[in-house]
Amino acid sequence: MFDINLLRNDLQATADWMKKSRGFSIDVAAFEALEAERKALQIQTQELQQQRNALSKAVGQAKAQKDDVKASQLLAEVAAVPEKVKANELALSAVQERVNTMLLTMPNIPQPGTPLGKDSDDNVEARRWGTPKSFDFEVKDHVAIGEALSAGGAGMQLDFETAAKLSGARFVVMKGQLARMHRALAQFMLDTHVNEHGMTECYVPYIVNADSMMGTGQLPKFEDDLFKVPMATDDGTVKNRYLIPTSEVSLTNFVRDSIVAADTLPLRLTAHTPCFRSEAGSAGRDTRGMIRQHQFDKVEMVYISKPEDSDALLEEMVGFAEKILQKLELPYRVVRLCTGDMGAGSAKTYDLEVWLPAQNTYREISSCSNIEAFQARRMGARYKNAAGKNEPVHTLNGSGLAVGRTLVAIMENYQNADGSVTVPEVLRGYMGGLATLA
RNA sequence: GGAGAGGUGGCAGAGUGGUUGAAUGUACCUGACUCGAAAUCAGGCUUACCGCAAGGUAACGGGGGUUCGAAUCCCCCCCUCUCCGCCA
């Protein structure tokens, strides 16, 4: 949720920057009018409430003193007030609702210095790591590699046909060594974050309620991207819950509606979960292979921090995601997203893009964002600051990493001329010493 | 799935229509006493919003209703706990 104080204190400058960065127009005059209306209504409502309260109190006192005459006088005097109060309360909450809706539907304000741009073409490369390997044979993509690998009687190690039969397009079945490597990858990532990066491993629900989706911002705007799970309630009606599109939702909502003890910050959380996305609006994009699926696994990192620490923690988080790629010896680059390519909630985002030989390009494998107080405000996630005031925390999230895409990257970068795939050193311990998928 | 109990301030726990934003205990903060601590005593101690301020408004799981007035009465929902049944 957008910070209303930015609009109250610095309306024009905020509007200018939102226009320039996000291309988002704030109707300055409309906001000022709405605020003026709200203020007038609130003052009026509170005066009426005060009047009612005072008279009601007097009625009580009169009755206590058995002064029935006075009591009925007072009752006659208040008679008309509750109606006026009610009318004002309704008007006030309608206006507040409009203000709220406005704030809820606005994207976060990008940090100053965010590169301006309209899409991924305008992102700015921050650094590269590793050198793409040159192959002395024609490289295959992960689909060709995986389908050529045999899981014995069970068939291909990578099997889209069976997945389509079971579920439809954009699902995958993995078998044998490849399935094992997929599992090994998640274990390896989790172990690294827990043992070397000091994160707390979490197991979390994959189905969450609407409040949680609201908290992290998937709702109300992006309902189409979610899978809904209807669940019967006691009175026989059905309420939707949702499959998580990322464990950011589960992890970040840990602190919804709570005051986090300041001395526990920052919280560094990680979880390995499947993620479910309907990919509405992505029809025709990345239809081949397992780059874009309805279901995929991800190891997620979520930080809850004090506002003053979040910038440095974002750098730390990106570094931890990079660490995974470095250990796997996969070439990648770090990209600072431009204003047009950032998610609506983000104030600052880095993407990690891994080299995919078959596509001869870098593809996103992680996205790390500082959401600042944008989620915390709508979630009611606060901590007591040094001045003793409750203040929204900052939330950060990042993939560390997308497991499926990492598997793709390994298959393509570690492929051999004979169709086998070398297992990266760091994974062999997780795979009973297996050195090659063949 | 069946039966029952309950959701009040950081925690525990009173409060069943009126001067109760809320007794009491505990935790915490400040001060006194002390060489220091403990104990004891005194004071303070929910949050959000409006207001220059004085002060005011709202909030007792959430929403609606009754009433001049609701933590308290009525309706709906959510959640937690206990027992039985079923079950990975």
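Chain letters run A, B, ... following the sequence lines, proteins first and then strands; every chain starts at 1. None of the values given here were measured: they were computed from a predicted structure.
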Spacing between [X] atom [atom1] and [N] atom [atom2], to the nearest angstrom:
| X | N | atom1 | atom2 | answer |
| --- | --- | --- | --- | --- |
| A:Leu92 | B:A48 | CG | P | 19 Å |
| A:Ile4 | B:C50 | CD1 | C1' | 13 Å |
| A:Glu83 | B:U67 | CD | P | 12 Å |
| A:Glu77 | B:G69 | CD | P | 14 Å |
| A:Glu89 | B:C50 | CD | C1' | 15 Å |
| A:Lys84 | B:C68 | NZ | P | 15 Å |

Side chains of residues 144-160 of chain A: which donor-acceptor pairs under 3.5 Å do they make with residues two or more places apart or in other chains?
residue, atom, partner, partner atom, Å
A:Ser150, OG, A:Gly152, N, 2.9
A:Gln157, OE1, A:Leu178, N, 3.1
A:Gln157, NE2, A:Ser150, O, 3.1
A:Gln157, NE2, A:Gln177, OE1, 3.1
A:Asp159, OD1, A:Glu161, N, 3.1
A:Asp159, OD1, A:Thr162, N, 2.8
A:Asp159, OD1, A:Thr162, OG1, 3.2
A:Asp159, OD2, A:Thr162, OG1, 2.5
A:Asp159, OD2, A:Lys175, NZ, 2.8

Checklist line | Annotated protein contacts, base or backbone, on nucleotides 51-57 of chain B with a non-hydrogen cut-off under 4.0 Å, one of B, S, - each | finding: S----BS

Check: In the 5'-to-3' direction, what one-character label does each nucleotide of nucleotides 6-19 of chain B receive under the scheme B = base within less than 4.0 Å of a protein heavy atom, S = sugar-phosphate only, - = no such atom?
Finding: ------------BB

Next item on the list: List in chain and number order the residues that pass side chain to side chain donor-acceptor pair (under 3.5 Å) with A:Thr216, two or more places apart in sequence or in another chain; answer none if no residue qualifies.
Entry: A:Gln218

Notebook entry, point to check: Taking both distances under 3.5 Å as the test for a Watson-Crick or G-U pair, what stems of at least three pairs does RNA chain B have?
Noted result: B:1-7 with B:78-84, B:10-12 with B:24-26, B:28-32 with B:40-44, B:46-50 with B:55-59, B:61-65 with B:73-77

Margin query: Taking side-chain hydrogen bond (donor to acceptor under 3.5 Å, both in side chains) as the cut-off, I'd like each qualifying pair that reaches into residues 75-97 of chain A, sequence neighbours left out, listed once.
Written below: A:Gln49-A:Glu89

Margin query: Students often get this wrong, so: under 4.0 angstrom with heavy atoms, is A:Arg377 touching a base, only sugar-phosphate, or nothing?
Written below: nothing

Check: What pairs with A:His294 under ring pair (Phe, Tyr, Trp, His ring centres under 6.0 Å), at least two apart in sequence or on another chain?
Finding: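 A:Phe171, A:Phe227.
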
Next item on the list: Starting from the 5' end of RNA chain B, give me the residue, A:Gln96 or A:Val78, whose nearest nucleotide shows up first.
Entry: A:Gln96

Any residue meeting side chain to side chain contact (heavy atoms under 4.5 Å, CB included) with [X], in chain and number order, not counting sequence neighbours:
| X | result |
| --- | --- |
| A:Pro266 | A:Arg268, A:Ser305, A:Leu313 |
| A:Thr114 | A:Pro110, A:Gln111, A:Arg336, A:Thr339, A:Met342 |
| A:Pro205 | none |

Checklist line | salt bridge (charged side-chain N to carboxylate O under 4.0 Å, His left out) partners of residues 284-296 of chain A, not counting sequence neighbours, each pair once | finding: A:Asp141-A:Arg288, A:Glu279-A:Arg292, A:Asp286-A:Arg292, A:Asp286-A:Arg363

Identify all side-chain donor-acceptor contacts of residues 423-437 of chain A below 3.5 Å with residues at least two apart in sequence or on another chain.
residue, atom, partner, partner atom, Å
A:Arg428, NE, A:Val423, O, 2.8
A:Arg428, NH2, A:Val423, O, 2.8
A:Tyr430, OH, A:Asp191, OD2, 2.7

Checklist line | Neighbour count >12 (heavy atoms, 6.0 Å) for atom CD, A:Glu391 | finding: yes

Note to self: For a quick test of reading the model: is some side-chain N or O of A:Arg382 closer than 4.0 Å to OP1 or OP2 of B:U46?
What the structure shows: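 For A:Arg382, the contact criterion (side-chain N or O under 4.0 Å from OP1 or OP2 of B:U46) is not met.
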
Check: Any ion pair linking A:Glu300 and A:Lys298 (charged N to carboxylate O, less than 4.0 Å)?
Finding: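 Looking at A:Lys298 and A:Glu300, the cut-off is met.
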
